[in-house]
There are 2 protein chains.
Amino acid sequence: MALSERKKKILAAVVDEYIKTAEPVSSKAIAETGNLGCSSATIRNELAELVALGYLEQPHTSAGRVPTPAGYRLYVNELMQRQKLSVEESEELNRKLNDRLAVMDTAISDIGKLASQLTNYPALALTSNASVTVRRFDLIYVDANTFIIVALLSNNDVKNKYVHLPVSADRSLVQKLGTLFNASFTGITEDKITSALIAATERAADDTIGLTAVIAAFCIETLNEVNSVTAYVTGENRLLSQPEFRDPDKAHKLMSYLSNGGYVFPETGSEHGEEVRVLIGPENVAEELKDSSVIVASYDAGDNTKGLIGIVGPTRMDYSAVAAKLGMLAAGLSKRLGGGEAPPEGMHNKLIIKGDDRS
Amino acid sequence: MALSERKKKILAAVVDEYIKTAEPVSSKAIAETGNLGCSSATIRNELAELVALGYLEQPHTSAGRVPTPAGYRLYVNELMQRQKLSVEESEELNRKLNDRLAVMDTAISDIGKLASQLTNYPALALTSNASVTVRRFDLIYVDANTFIIVALLSNNDVKNKYVHLPVSADRSLVQKLGTLFNASFTGITEDKITSALIAATERAADDTIGLTAVIAAFCIETLNEVNSVTAYVTGENRLLSQPEFRDPDKAHKLMSYLSNGGYVFPETGSEHGEEVRVLIGPENVAEELKDSSVIVASYDAGDNTKGLIGIVGPTRMDYSAVAAKLGMLAAGLSKRLGGGEAPPEGMHNKLIIKGDDRS
DNA sequence: GTTAGCACTCTCTTCTTTCGAGTGCTAATA
DNA sequence: TATTAGCACTCGAAAGAAGAGAGTGCTAAC
């Protein structure tokens with residue numbers, strides 16, 4: 001059953017008002033603000049029906065109305081006016097983003113911080129790298145006991161490890177291993193690094209001191225680490241400024257859930273573009289999030305890497321503003337990091353070489 | 001004026017009890033638990049004097065007593081029995097520490113997490129590197145537009161940067177710059193890297209494409225970053241489990257202060273060993289910490305690097321337990337990372353090459 | 001110097017009352 | 001038929017009142 005136009009307007013007004021005040025919304029308040037030409041009595045009738053339909057609820061008989069998750073869902077899907085950021089706002093956002101990117105190496109967690117600041121909610125950020133491989137190995141010989149492994153990954157990330165051995169290795173072994181690793185360990189995913197392969201390499205290099213194993217272990221560890229999806233959570237404390245988290249126990253529960261980084265994103269349905277997804281209350285899988293909402297935007301971080309950036313807050317949340325901001329942020333990130341379009345002059349993957357790319 | 005033995009005993013009993021219960025302590029409770037052979041009436045007299053001396057206070061006339069910062073100070077300095085961790089406890093702690101160190105690269109922040117878990121308070125961790133320099137440069141030529149800068153620092157940390165240039169550089173330039181940087185940029189602190197030095201290097205290398213500047217910038221940035229003191233804060237949410245932070249506003253204030261990482265440690269007086277310092281309430285410099293306590297332990301992270309690890313909590317804190325744990329942790333870290341004693345077999349600076357060093 | 005005894009103080013809890021915002025329903029109205 | 005004014009009713013929040021009890025300070029006896 002489709003809702004009448006007036007019901008929709010009223011529902012939207014309730015949600016808007018509730019988002020603003022965090023107090024149950026009365027019929028009178030709607031009559032006054034939501035310029036539909038009818039009295040509070042009429043609105044009361046409509047409200048009663050909206051309750052019956054499951055979009056609203058009453059904390060108690062003589063209280064105003066509060067949106068249910070279903071109500072928020074309808075609001076998000078159809079009713080809310082997609083908020084366009086003003087020119088100034090989006091300019092400011094872009095400037096901030098640029099500032100961040102200019103100094104960033106730690107990338108993801110920093111982006112999360114930015115999102116958290118912009119929205120005043122806790123933010124989570126993560127990248128999921130489809131299948132990063134090592135593109136190139138370099139072994140730097142420091143002294144007989146010491147060398148550095150440098151691995152350039154397929155996503156242009158560089159990882160390194162300082163290795164100090166209790167026994168000495170001669171230069172030729174290090175060199176030989178460098179060649180061998182570049183021949184057999186590049187371009188393959190972590191699961192292709194079998195113990196057979198390692199053993200074969202060890203034999204081929206005449207390695208009697210176990211150096212091969214060390215490098216292989218580094219390789220496995222690095223790929224594992226890069227490919228694993230870990231969420232960076234920042235700004236948990238911002239929860240405390242929300243009225244629904246004035247109860248310390250409730251706040252503590254959610255905050256420690258977030259801090260433990262166990263967050264799993266539900267499968268993203270579509271694969272393209274900077275889609276913004278909204279998960280309202282019970283739509284979340286995790287028990288701890290059942291009465292919170294999550295908004296995530298995905299972006300293309302280039303080289304098969306997809307990034308997600310999201311915020312967590314009470315179900316009573318300014319969905320349109322947050323979605324707009326996150327969308328903007330994700331779009332900005334895609335543009336700068338993504339593979340599709342050419343990156344701006346003088347800039348490549350997470351890295352600014354020189355100059356200033358602010359528009 | 002020196003306190004009588006009995007007064008000391010009573011004060012200690014008040015603090016112990018208050019730490020346990022978070023409730024004002026009554027004369028009766030002390031008479032029962034603190035086996036001094038006298039009645040509650042006598043204790044009341046003593047308590048009144050302790051209040052007059054400023055070691056205790058009363059929330060209101062007919063309430064029990066609560067320690068003042070001065071009371072805690074005396075307690076920490078003289079009264080508390082330095083808690084020895086049981087053999088099992090210290091073994092467990094050492095095991096956990098080893099587990100952490102075995103997988104750690106991100107070092108400091110992980111140590112903080114461990115401290116936070118062990119104590120159930122928010123923890124902060126930082127290292128202050130006196131004057132790290134670059135020990136060795138390597139430039140890895142990937143292709144004409146791309147190369148990797150690898151810098152081995154004097155603290156055995158390795159930093160790298162992936163660089164993609166809009167113009168191409170030939171191999172010989174990269175090689176030449178490698179030599180030049182190793183000659184002039186190693187062993188010097190960041191402030192010694194002058195623009196004159198950079199210009200001279202650029203000339204000497206016949207660098208027309210600005211590569212020298214890029215490497216120098218990386219160098220400056222890296223040294224700056226490594227030498228700058230940033231505190232990693234973890235476990236802020238644990239504050240919420242403390243009764244004194246049930247007020248969300250109070251909790252929020254402190255938590256966002258901590259999250260902003262602006263924490264400055266007061267000068268450490270003595271320079272040697274794994275000293276544990278306690279800062280009680282108003283002894284803290286930051287306004288936000290005036291009614292919290294901070295306990296920090298310093299450790300020697302080797303190569304001129306000093307590390308600090310601490311926790312933040314209400315003034316009502318189990319000082320002896322926390323101090324014991326942090327001290328233990330710091331000692332463990334000094335032993336593993338520090339320069340003094342020889343590191344355990346097969347292990348060098350933050351890095352386990354192979355094998356298992358659990359005792 | 002110590003202690004029993006007791007009046008006094010102050011908070012905390014519980015109960016009651018009051019107030020008012022907001023509803024649901026009914027009857028009148030366009 | 002849809003809307004609205006009017007009004008009784010409900011329920012929570014705030015304010016007050018009363019009582020309980022924990023703990024003190026003081027006094028007088030030991």
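Throughout, a chain's letter reflects where its sequence line sits, starting with A, and its residues are numbered from 1. Values reported hereafter were calculated over all heavy atoms of this structure, with side chains retained and with hydrogens, waters and symmetry mates removed.
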Given side chains that start at C-beta, do those of B:L329 and B:L118 come closer than 4.5 Å, heavy atoms only?
yes
Provide the start and end nucleotides, 5' to 3', of the part of DNA chain D that has atoms under 4.0 Å from heavy atoms of chain A.
D:dT3 to D:dG12
Looking at A:R65 and A:E57, is any side-chain nitrogen of the basic one under 4.0 Å from a carboxylate oxygen of the acidic one?
no
With no hydrogens and no angle check, just 3.5 Å: does a side-chain donor-acceptor pair link A:Q242 and A:R316?
yes
With a 4.0 Å cut-off on N to O distance, would you call A:E89 and A:K325 a salt bridge?
no
What's the CG-P distance between B:L47 and C:dT3, to the nearest Å?
14 Å
Examine the side chains of B:N237 and A:S259 and answer whether a donor and an acceptor come within less than 3.5 Å of each other.
yes
Taking only Lys NZ, Arg NE, NH1 and NH2, and the carboxylate oxygens of Asp or Glu, determine whether A:E5 and A:K9 approach each other closer than 4.0 Å.
no
Please report the distance, rounded to the nearest Å, between CZ in B:R65 and C1' in C:dC10.
14 Å
Nearest 0.5 Å please: distance from the OG1 atom of A:T315 over to the CG atom of A:N284.
10.5 Å
Tell me the interatomic distance from A:R44, atom CZ, to C:dA21, atom P, rounded to whole angstroms.
14 Å
Residue whose nearest DNA chain C nucleotide is more 5′ - B:E46 or B:H60
B:E46
Can you check the B:R6 CZ to C:dG1 P distance for me, whole Å?
10 Å
Students often get this wrong, so: under 4.0 angstrom with heavy atoms, is A:S40 touching a base, only sugar-phosphate, or nothing?
nothing
Could you state the CD-C1' distance from B:E23 to C:dT11, rounded to the nearest angstrom?
12 Å
I'd like to know if B:K20 and B:D318 make a salt bridge, using a cut-off of under 4.0 Å between side-chain N and carboxylate O.
no
Show the distances under 3.5 angstrom between N or O atoms of the protein and N or O atoms of nucleotides 18-20 of chain C.
none

